[in-house]
Visitor: 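The structure under discussion is supplied below as structure tokens; questions concerning it will follow.
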Amino acid sequence: MADTMHAGDGQTRRDFIYLAGAAMGGVGAAAALWPFIHSLNPAADTLALATIEVDLAPIQPGQAIKAMWRGKPVFIRNRTPEEIDTARKVPVADLIDPQTDQERVKEGKDNWLVLVGVCTHLGCIPLGTSPGEAKGDFGGWFCPCHGSHYDTSGRIRKGPAPLNLHVPEYAFISDTRVKIG
Amino acid sequence: MAHAPQSNFSNPVVNWIDQRLPVITMMNKEYGSFPTPRNFNYFWNFGALAMFVLVTMIVSGIVLAMHYTNNTLLAFDSVERIMRDVNWGWMIRYIHANGASMFFIVVYIHIFRGIYYGSYKAPRELIWIFGVVILLLMMGTAFMGYVLPWGQMSFWGATVITNLFSAIPVVGESIVTLLWGGFSVDNPTLNRFFALHFLLPFVLLAVVFLHVAALHITGSNNPLGIEPKGPQDTLPFHPYYTTKDIFGLTVFLIFFAAFVFFAPNYLGHPDNYIPADPLVTPAHIVPEWYFLPFYAILRSITFSIGLPFTDVVLIPAKLGGVLAMFGSIAILFVLPWLDTSPVRSSRFRPIFKWWVLLCLVPAFFMLGYAGGKPAEQPYVLIGQLGTVMYFAFFLLLPIIGRIEKPLPLPASIAKPVLGGGSVATGATAQVMEKA
Amino acid sequence: MRRLRTLIAAGVLSIAGLTAGAQAAGDVPVPPAEKWAHGGVNSFLSFFKGYDYAAVQRGFQVYKEVCSACHSMHLLHYRNLHDIGFTEEEVKAIAASVEITDGPNDQGEMFTRPGIPSDRFHNPFPNKQAAAAANGGKAPPDLSLIVKARAHHEDYIHGLLVGYAEAPAGFDMPPGGNYNKYFPGHAIAMAQPLYENGITYTDGTAATLDQQARDVTQFLAWAAEPKLEERRRVGIMVIGFLVVFAGIMYAAKRRLWADVH
């Protein structure tokens, strides 16, 4: 081949220029790739719905509601004193995923239990929120997919699920309004 | 193992792969040591640029498809969601929208180079034919892509262009209904256009592969239009042309970026920011700029063609326009046989050179100008003149080939470059044998 | 090289000519060209210009108090107002000031509730037919993209808003029409929307007709092209990078080819 490159005086400078060109090309290509990848991350409209506010006023003691949050149900339960008592009497050491009831609610709002309504086993939605649904052996929730039973604190008590129902990040804006996310 | 590849790479993994599937040997042969004429000018950058734009369009298009909603009720808003809410969505969409224009600019220049330097001539006819197929696929893809945002121009452009097929005698109306999947451009039309707009670029890529594969059999033409006669006439593709192509690419990208970031709607039409409304036709329907020359040819046939001295109409104006428009592309397929001159490059063809520059090029721009104007005088006349010039360019080529006296060709590529040094005539015609 | 440059320049110029021609065609009045802080959404030579957010905020007030009675802006969400300088709290308050129809609820009925930032701008009419019926048969256009959807962009919107006048003698005005100097055909269904001191600006700016028209135009420009500033900023960086890269590649190419020529 007619490769007419010669090593010589120009070698050092030539090497520098080629190196600079290759480096800039690499950096440019990588930088150009980022917007295409980042475009697959949640968009502004999705992020705007990442936080919801829920009005608690209509929920009577003993009742629960489902709210949609980030495409998943959130269970919000207004617990009766008996339900709280049952949850707090359980020896923590006996639990599959040891956690006290106090850790799972906000202090002073002990009746309000806020949970991500997704079974920690394989992602089904447990029953027990709407009236008339099976609440399982421990009066909380029951997942029909593989038979996981949750108690009135949403903790796993029986069945294949490894963890308690997840408590999302939330805060009370007022006595009757809660902000989730 | 009749052709066990002689892989000899220092990296054992590379070696192992190459012995079983010699992709690295192949890439090295086709893009590394590939003997390329040493005298390319910058017109020879545009093939690589077109390839770059195609890949850019496919990448940005796939990302857009992940956010786009393919339904008449939602399409427009989903595009605006991309523009407003999706991370970097505005940039990706502007890249894609302007990329279509860039693709046509690059390809039109690429085609001009092919014509001016006679690249379509033997033995490269098949490369040229694949190229025309690529142009057709580009046009189909671009047209269907423009429909997807479901703006006013999308809708009415789709309506007007699909209605062209109604000009076909007897079965025309049935064909149009088939294209629409209904009785007007509507949701079924949008759905199939989206499916095809996604598919066709990959078909296009396959044809590009054939275009390049055929090119690597014959080797490239060059500004002198004579075949390399020995190693002194060629350079290895890498690093010489890779470096030159990347330099050309950076310059092109500046041009591209200027549109994307500072004039992203310049080549578009304001009406396409109005959602499609089947009850209101825009005052003035114009296709995208790259279709304007062909649109002008379509509109130039304002008269029916009949038997002389009778009322018998052979070709109604509408059908005539459609035939002329498709004919303007079809005629490109036979260009290698219309041009009978044995000389390729315009540098040595005193008549052909000016025939290209003073007939074909002005015809293209006149048609583009007339296509963007309303169908009234003097624009119709300019369009008709452009149409005549366009077809005359091709149809008179056999005569030009006969009457033209070509200038004497140089003995080799190296000779003019090296300023008349001795030429190794012994190497004549051996280099380009298939390796 | 020189010939190539001439050819490319010729190509670019003719493309420019084609599109400019395509847009200017027809007998359409041309609104006077105005100066805009952001240079205009489609302005090329405004590399470093951005929106005047005080004006954009005032423009939002004009939209809210006047235009929004008839015109929807369904591509905008209240949360977007954060981008023109309203605080989280202000955005919440603005959103809460409208009644949004939501539902159906568990009883299968639609209900109304105060707006929240993730809601779209409130639509004054439940559907396009209702909008048309309430406005003499023609629905007022959605204003989300109006600046990009009209030739002459900002200049047209501004010209239209200040361009109401007495119809010249002999002008054949269709019923329900209003004469406007810059509306194509001059007979516009919309009655003059803005008047001197028609509103009171919260920031104390004197609400002349021109001021209101100018402000609302800038608000609508931002609404149509909210990413304008990001676009120009990224553009400067991209082109800056490319110019340096091109320079290096040119030097690399020159050195590499030095031995060939």
Visitor: Taking all heavy atoms of B:R84 and all of C:A224, pick out the closest pair and write down the distance.
Guide: NH2-O, 3.8 Å
Visitor: Go through the atoms of B:F76 and report whether side chain, backbone, both or neither lie under 4.5 Å from a heavy atom of chain C.
Guide: side chain
Visitor: So for atom CZ, which belongs to B:F40, do other residues, nucleotides or ligands contribute more than 12 heavy atoms lying within a distance under 6.0 Å?
Guide: yes
Visitor: Rounded to the nearest 0.5 Å, how far apart are CG of C:D259 and OH of B:Y240?
Guide: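 Reported to 0.5 Å precision, the distance equals 6.5 Å.
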Visitor: So what's closer than 4.5 Å to chain C heavy atoms on B:D277: side chain, backbone, both or neither?
Guide: side chain
Visitor: Hey, could you give me the CH2/NZ distance between B:W88 and C:K227, rounded to the nearest 0.5 Å?
Guide: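 Atom-to-atom, B:W88:CH2 and C:K227:NZ are 10.0 Å apart.
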Visitor: Which pair of non-hydrogen atoms, one from C:G235 and one from B:F261, has the smallest distance, and what is that distance?
Guide: CA-CG, 3.3 Å
Visitor: Select one option (side chain, backbone, both, neither) describing which atoms of B:D85 are under 4.5 Å from chain C's heavy atoms.
Guide: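 Contact with chain C involves the side chain of B:D85 alone.
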Visitor: Evaluate the criterion side-chain contact (heavy atoms from CB on, under 4.5 Å) for residue pair B:L253 and C:F245; output intermediate values, then yes/no.
Guide: CA-CA 11 Å; B:L253 282 176; C:F245 189 23; over 6 Å; no
Visitor: Considering residues, nucleotides and ligands other than C:D172, do more than 12 of their heavy atoms fall under 6.0 Å from its CG?
Guide: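 Counting other residues, nucleotides and ligands, CG of C:D172 stays at 12 neighbours or fewer.
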Visitor: Taking every heavy-atom pair that is under 4.5 Å apart, which of B:G371, B:P264, B:A283 has the most such pairs with chain C?
Guide: B:P264
Visitor: Can you check side-chain contact (heavy atoms from CB on, under 4.5 Å) on C:L256 and B:F247, steps first, answer last?
Guide: CA-CA 12 Å; C:L256 178 66; B:F247 167 62; over 6 Å; no
Visitor: Taking all non-hydrogen atoms of both residues into account, name the closest pair between C:A149 and B:I274 and its distance.
Guide: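 Heavy atoms of C:A149 and B:I274 come nearest at CB-CG1, 3.7 Å.
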Visitor: At their closest point, which heavy atom of B:Y94 faces which heavy atom of C:R231, and how far apart are they?
Guide: CE1-CD, 3.9 Å
Visitor: With a 4.5 angstrom heavy-atom cut-off, could you sort out which part of C:S43 is near chain B: side chain, backbone, both or neither?
Guide: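 Contact with chain B is through the backbone of C:S43 alone.
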Visitor: For a side-chain contact (heavy atoms from CB on, under 4.5 Å) check, start with the C-alpha distance between B:R81 and C:L75, then their side-chain angles and the critical distance, and finish with the verdict.
Guide: CA-CA 8 Å; B:R81 180 179 168 271; C:L75 293 175; over 6 Å; no
Visitor: To the nearest 0.5 Å, how far apart are CZ in C:F241 and CD1 in B:I254?
Guide: 11.0 Å
Visitor: So for C:R79, is it side chain, backbone, both, or neither that comes closer than 4.5 Å to the heavy atoms of chain B?
Guide: side chain
Visitor: Could you work out, with side chain to side chain donor-acceptor pair (under 3.5 Å) as the rule, every residue matching C:H71, not counting sequence neighbours?
Guide: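 Once residues adjacent in sequence are excluded, C:H71 has no partner under the side chain to side chain donor-acceptor pair (under 3.5 Å) criterion.
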Visitor: Give, as side chain, backbone, both or neither, the part of C:F47 having an atom under 4.5 angstrom from any heavy atom of chain B.
Guide: both
Visitor: Let me know which of B:T250, B:V251, B:L249 forms a side-chain contact (heavy atoms from CB on, under 4.5 Å) with C:M249.
Guide: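 By the side-chain contact (heavy atoms from CB on, under 4.5 Å) criterion, C:M249 pairs with just one of B:T250, B:V251, B:L249: B:T250.
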Visitor: Measure C:K128 against the heavy atoms of chain B and call it side chain, backbone, both or neither at under 4.5 Å.
Guide: side chain
Visitor: Looking only at heavy atoms, what is the nearest atom pair of C:I239 and B:A257, with distance?
Guide: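 Minimum heavy-atom separation between C:I239 and B:A257: CG1-CB, 3.8 Å.
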Visitor: What part of C:A223 lies closer than 4.5 angstrom to a heavy atom of chain B: side chain, backbone, both or neither?
Guide: backbone
Visitor: Kindly assign one of parallel, tilted or perpendicular to the pair C:F44 and B:F262, based on the angle between their ring planes and the thresholds 30° and 60°.
Guide: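 Ring orientation, 0 to 90° scale: perpendicular.
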Visitor: Any side-chain heavy-atom pair from B:I246 and C:K253 closer than 4.5 angstrom?
Guide: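 Contact flag for B:I246/C:K253 side chains = no.
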Visitor: Based on non-hydrogen pairs under 4.5 Å, which of C:R233, C:H77, C:R232 is most in contact with chain B?
Guide: C:R232
Visitor: Which residues in residues 138-148 of chain C have any heavy atom lying under 4.5 Å from a heavy atom of chain B?
Guide: C:S144, C:L145, C:K148
